[in-house]
Amino acid sequence: MGSSTADLVIIGGAVMGSSTACQLAQRPDFSGRIVVIEADPAYEICASARSAASIRQQYSSAINIEISLFGIDYLRNIGERLEVNGDKPVIDLHEGGYLFLATSGTESILRENHALQDKLGADIAFLEKDALQAKFPWLNTQDLTAGCHGLSGEGWFDGYGLMQAFRRKARSLGVDYVAARAESLKKNGSSWDITLSNGDTLSAPVVVNTAGASGGAEICRQAGLEVPVHSRKRCVFTFDCKDTLPLFPLLIDPNGTYARPEGTGFICGLAPAEENDPDTDDFEVDYALFEEEIWPTLANRIPAFEAIRPGRAWAGHYDMNLFDHNAFVGAVPGIDGFYLALGFSGHGLQQSPAVGRGLSELIVTGGYQTLDLSPLGIERYFSGTKLIERNVV
C-alpha cells in the first residue's frame with residue numbers, strides 16, 4: 001500500500017472523465033498533476049462502450065442545443081484537436097440526421113422545439129406530412145402529421161473511439177490513469193483522501209466525480225451530497241433488413257422507439273416503461289422488449305421491417321437523473337473542491353466535448369468561458385427548479 005498526492009483527481013475515466021482530463025491538460029494555465037481513477041480499465045462495461053453513440057441538436061432546451069452545436073464542431077475537427085505524434089484519431093462521424101416524427105397530438109411541441117432549434121442555428125428541416133412521405137418513401141406516414149429531420153450536424157459515430165482518443169491525448173500530456181476503484185472519499189483539511197481498491201491512497205484538493213452509473217451517486221454520498229442519480233439498464237438490438245432503405249436517418253417514432261443504420265444493418269432500442277425500469281447493475285438483455293414492443297413498432301412504421309433477421313444484442317447502464325433527466329455539472333456549493341459531471345441520462349457521449357471544456361474552464365478560472373453551463377448546475381436541484389427537456393430519448 002502506498003500514498004501519493006495530486007492537484008486534481010477525476011473519479012471515472014470513460015469519455016466524460018477523459019474529456020475533462022484531456023482539456024485540462026491542454027490548458028497552458030494549468031500545470032498540476034492530474035490523476036484519473038478508472039475501475040474498468042478495459043472499458044468493457046462502461047456506458048461509453050455500450051452506447052448507441054449519436055449526437056443531435058433536436059432538443060427543447062437551449063442549453064442542450066448549444067452543447068451539441070459545440071459538440072458537432074468538436075467531432076468534425078477531432079483529428080486536429082486530439083492528434084498525438086502525428087496520429088489523428090478517426091471516429092467515423094456520419095451526419096445522417098435524426099428524424100423525429102409527430103402525430104396530431106405532438107405536432108405543436110415539434111413546431112415549438114423546431115423554432116428554438118432554428119433560432120440557435122441548428123440545421124433542422126420541418127417537414128409536413130407530404131414532404132415527409134416524399135423524402136422517405138419507405139415510411140408509413142398514415143398516422144403522422146409532420147417530422148423534423150437534421151440536415152447536418154446530427155448523426156452517429158464511434159463512441160468507443162472518441163473515448164479512447166480523449167484518453168490517449170490526455171496520457172500524452174502527462175495525465176496519470178490508475179486502474180482501481182475509488183472505495184472511499186473523505187475530507188481531510190483542505191484536501192480529499194481517496195482510498196483505492198488496490199490499497200493505495202490518493203490525496204488532492206480537487207475531486208471531479210464523473211463515475212457515471214457505476215458508483216457516481218455513492219461518491220457524492222461520501223462527499224456529503226445526496227443526488228437522485230440511479231443506474232438504469234438500456235438494451236440495444238441489432239437486425240438486418242433485405243430491402244435497401246435510402247437516406248435512413250436515426251429515426252424516433254412517436255412512442256420513443258429508435259432505429260438507425262449500423263454497418264450493413266441496423267440497431268434499435270426503446271426505454272422501458274417506468275414501472276419496468278428498476279435500479280439495476282446486471283447486463284441481462286431484455287429480449288421480450290424487442291419482441292413485444294420494439295419490433296411491432298418498427299414493422300408498423302417501416303413496412304420493410306416486417307421481415308427482418310434479428311442479430312446480437314447488449315445491455316448497458318445510464319446514470320439516470322430522476323430529477324429532470326439532465327446532467328448535474330459544475331461545482332457543488334458548500335462542498336469545497338468537489339465537482340460533478342453526473343446524471344447524463346444517456347447524453348454523455350455527445351455532451352462530453354462541451355462538458356469537458358466547461359469543467360476545465362471552471363476549475364482553472366472560476367467561471368465558464370466558451371459556453372455557459374450554469375443551467376446544468378446542481379443549484380437547480382437544491383431549489384427544486386427543473387430544467388425541462390421534452391425530447392428525452
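Note that the structure is predicted; figures quoted are calculated from it, not measured. For the single chain, residues carry numbers from 1 onward in sequence order.
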J.: Mind listing the closest non-hydrogen atom pair of G343 and N321 along with its distance?
T.: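 Scanning both residues, the minimum pair turns out to be O-CB, 3.5 Å.
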
J.: Could you list the donor-acceptor pairs under 3.5 angstrom formed by side chains in residues 4-12, with sequence neighbours left out?
T.:
| from | atom 1 | to | atom 2 | distance (Å) |
| --- | --- | --- | --- | --- |
| D7 | OD2 | R33 | N | 2.6 |

J.: For residues S60 and E389, is any side-chain donor paired with an opposing acceptor at under 3.5 Å?
T.: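 Yes, E389 and S60 have a side-chain donor paired with an acceptor closer than 3.5 Å.
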
J.: When you check the side-chain N and O atoms of E262 and T238, is any donor under 3.5 Å from an acceptor?
T.: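 No, T238 and E262 have no side-chain donor paired with an acceptor closer than 3.5 Å.
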
J.: What distance do E154 atom CD and S54 atom OG have between them, rounded to the nearest 0.5 Å?
T.: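 Answer rounded to 0.5 Å: 9.0 Å.
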
J.: With a sphere of 6.0 Å drawn around CG of D143, does it hold more than 12 non-hydrogen atoms of other residues, nucleotides or ligands?
T.: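 Enclosed.
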
J.: Determine, stepwise, if the pair I67 / L371 fulfils side-chain contact (heavy atoms from CB on, under 4.5 Å).
T.: CA-CA 8 Å; I67 284 173; L371 183 63; 3.8 Å; yes

J.: Test of understanding: with side chain to side chain contact (heavy atoms under 4.5 Å, CB included), list the residues that count as partners of Q142, not counting sequence neighbours.
T.: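 N140.
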
J.: Tell me every residue that passes salt bridge (Lys or Arg N to Asp or Glu O under 4.0 Å) with R312, counting only those two or more places apart in sequence or in another chain.
T.: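 With sequence neighbours excluded, R312 shows a salt bridge (Lys or Arg N to Asp or Glu O under 4.0 Å) to no residue whatsoever.
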
J.: For a quick check under 3.5 Å, do Q164 and Y160 share a side-chain donor-acceptor pair by atom type?
T.: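 Present: a donor and an acceptor within the cut-off.
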
J.: Specify whether H347 and Y59 have parallel, tilted or perpendicular ring planes, treating 30° as the upper limit for parallel and 60° as the lower limit for perpendicular.
T.: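 Rings of H347 and Y59: perpendicular, as their planes differ by over 60°.
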
J.: Would a hydrophobic clustering, with Ile, Leu, Val, Met, Phe, Trp and Tyr connected at side-chain separations under 4.5 Å, put I78 with V355?
T.: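 I78 clusters together with V355.
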
J.: Measure the OH-CG distance between Y98 and L251 for me, rounded to the nearest 0.5 Å.
T.: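 Answer rounded to 0.5 Å: 11.5 Å.
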
J.: Run L93 and I72 through side-chain contact (heavy atoms from CB on, under 4.5 Å) and show every step you take.
T.: CA-CA 9 Å; L93 175 63; I72 192 64; 3.9 Å; yes

J.: Please answer: with hydrophobic residues joined when any side-chain heavy atoms are less than 4.5 Å apart, are L376 and F328 in the same cluster?
T.: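 Looking at the clustering, F328 is in a separate group from L376.
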
J.: Can you name the residues that form a salt bridge (Lys or Arg N to Asp or Glu O under 4.0 Å) with E218, not counting sequence neighbours?
T.: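 For E218 the salt bridge (Lys or Arg N to Asp or Glu O under 4.0 Å) partners, ignoring immediate neighbours, are R221.
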
J.: Given the rule in the side-chain contact (heavy atoms from CB on, under 4.5 Å) test, do D130 and T141 qualify, once you have shown the distances and angles that lead to the verdict?
T.: CA-CA 9 Å; D130 289 347; T141 61; over 6 Å; no

J.: Would you say N188 and S191 are linked by a side-chain donor-acceptor pair, where the criterion is simply a distance under 3.5 Å?
T.: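 Not at all, the side chains of S191 and N188 share no donor-acceptor pair under 3.5 Å.
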
J.: Examine L185 and V36 and state if one hydrophobic cluster contains both, with Ile, Leu, Val, Met, Phe, Trp and Tyr joined whenever side-chain heavy atoms are less than 4.5 Å apart.
T.: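 L185 and V36: separate clusters.
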
J.: Can you list everything that forms a side chain to side chain contact (heavy atoms under 4.5 Å, CB included) with S352? Sequence neighbours excluded, please.
T.: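 Applying side chain to side chain contact (heavy atoms under 4.5 Å, CB included) to S352 gives V15, M16, S19, L162, F166.
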
J.: On the ring face of F382, is R380 found with NZ or CZ under 6.0 Å from the centre and within 45° of the axis?
T.: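 No; the conditions do not both hold, so R380 does not lie above the ring face of F382.
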
J.: Can you tell me how far the CD1 atom of I335 sits from the CH2 atom of W192, to the nearest 0.5 Å?
T.: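 I335 atom CD1 to W192 atom CH2 measures 6.0 Å (nearest 0.5 Å).
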
J.: Go through the steps for L359 and V208 under the test side-chain contact (heavy atoms from CB on, under 4.5 Å), then give the verdict.
T.: CA-CA 9 Å; L359 281 177; V208 184; 4.1 Å; yes

J.: Taking CG in N276 as the centre, count heavy atoms belonging to other residues, nucleotides or ligands within less than 6.0 Å. Is the count above 12?
T.: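 Count over threshold, so yes.
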
J.: Establish whether L250 and F305 are linked, either directly or via other cluster members, by ILVMFWY side-chain heavy-atom contacts under 4.5 Å.
T.: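 Different clusters.
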
J.: Is there a path of hydrophobic side-chain contacts, each under 4.5 Å between heavy atoms, that joins W156 and W314?
T.: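 Hydrophobic grouping puts W156 with W314.
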
J.: Walk me through it: do Q351 and N64 pass the test side-chain hydrogen bond (donor to acceptor under 3.5 Å, both in side chains)?
T.: CA-CA 8 Å; Q351 296 191 331; N64 284 329; 3.0 Å; yes

J.: Nearest 0.5 Å, please: how far is CG in L245 from CG in D243?
T.: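 Here the rounded value is 6.0 Å.
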
J.: Is any side-chain N of the basic residue among R168 and D87 closer than 4.0 Å to the acidic one's carboxylate O?
T.: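 Answer for the salt bridge query: yes.
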
J.: Could you give the distance from CG (L24) to CD (E361), rounded to the nearest 0.5 Å?
T.: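 The CG atom of L24 sits 10.0 Å away from the CD atom of E361.
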
J.: Between S231 and D279, do the side chains contain a donor N or O and an acceptor N or O under 3.5 Å apart?
T.: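 The answer is no; no qualifying pair exists.
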
J.: Checking H94 side chain against P261 main chain: does a donor-acceptor pair fall under 3.5 Å?
T.: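 No; judged by distance alone, with no hydrogens or angles, the pair does not exist.
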
J.: Any chance you could lay out the ring pair (Phe, Tyr, Trp, His ring centres under 6.0 Å) test for F136 and F248, step after step, and finish with the verdict?
T.: CA-CA 8 Å; F136 305 106; F248 201 100; 8.2 Å; no

J.: How about CD on E44, more than 12 heavy atoms from neighbouring residues, nucleotides or ligands closer than 6.0 Å, or not?
T.: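 Count not over threshold, so no.
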
J.: When you measure from the side chain of Q26 to the backbone N and O of L173, does any donor-acceptor pair fall under 3.5 Å?
T.: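 Checking the backbone N and O of L173 against the side chain of Q26, no donor-acceptor pair under 3.5 Å is found.
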
J.: Applying salt bridge (Lys or Arg N to Asp or Glu O under 4.0 Å), run through E112 and R390 and close with a yes or a no.
T.: CA-CA 11 Å; E112 184 179 339; R390 294 171 174 173; 3.2 Å; yes

J.: Would you please say whether a donor-acceptor pair under 3.5 Å links the side chains of T195 and S184?
T.: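 The answer is yes; a qualifying pair exists.
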
J.: Is the F239 ring parallel, tilted or perpendicular to the F266 ring (thresholds 30°, 60°)?
T.: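 The rings of F239 and F266 lie parallel, inter-plane angle below 30°.
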
J.: Show your reasoning for whether salt bridge (Lys or Arg N to Asp or Glu O under 4.0 Å) applies to K186 and D193.
T.: CA-CA 5 Å; K186 65 179 181 179; D193 289 344; 5.5 Å; no

J.: State whether Y177 and R167 meet the cation-pi test: NZ (Lys) or CZ (Arg) under 6.0 Å from the six-membered ring centroid, and within 45° of the perpendicular axis.
T.: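 Cation-pi check for R167 and Y177: passes.
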
J.: Can R81 and D73 be counted as an ion pair, charged N to O under 4.0 angstrom?
T.: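 Counted as a salt bridge, because a side-chain N and a carboxylate O are separated by less than 4.0 Å.
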
J.: Taking it one step at a time, do E284 and K233 satisfy salt bridge (Lys or Arg N to Asp or Glu O under 4.0 Å)?
T.: CA-CA 9 Å; E284 295 296 320; K233 183 167 65 177; over 6 Å; no

J.: Excluding sequence neighbours, so at least two apart, what forms salt bridge (Lys or Arg N to Asp or Glu O under 4.0 Å) with D158?
T.: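 Expected list: none.
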
J.: Are H230 and Y318 close enough, and set up right, to give a ring pair (Phe, Tyr, Trp, His ring centres under 6.0 Å), and what steps lead you there?
T.: CA-CA 8 Å; H230 297 255; Y318 283 175; over 10 Å; no

J.: When rounded to the nearest 0.5 angstrom, what distance separates NZ in K135 from CG in L99?
T.: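 Spacing of NZ (K135) from CG (L99) equals 8.5 Å.
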
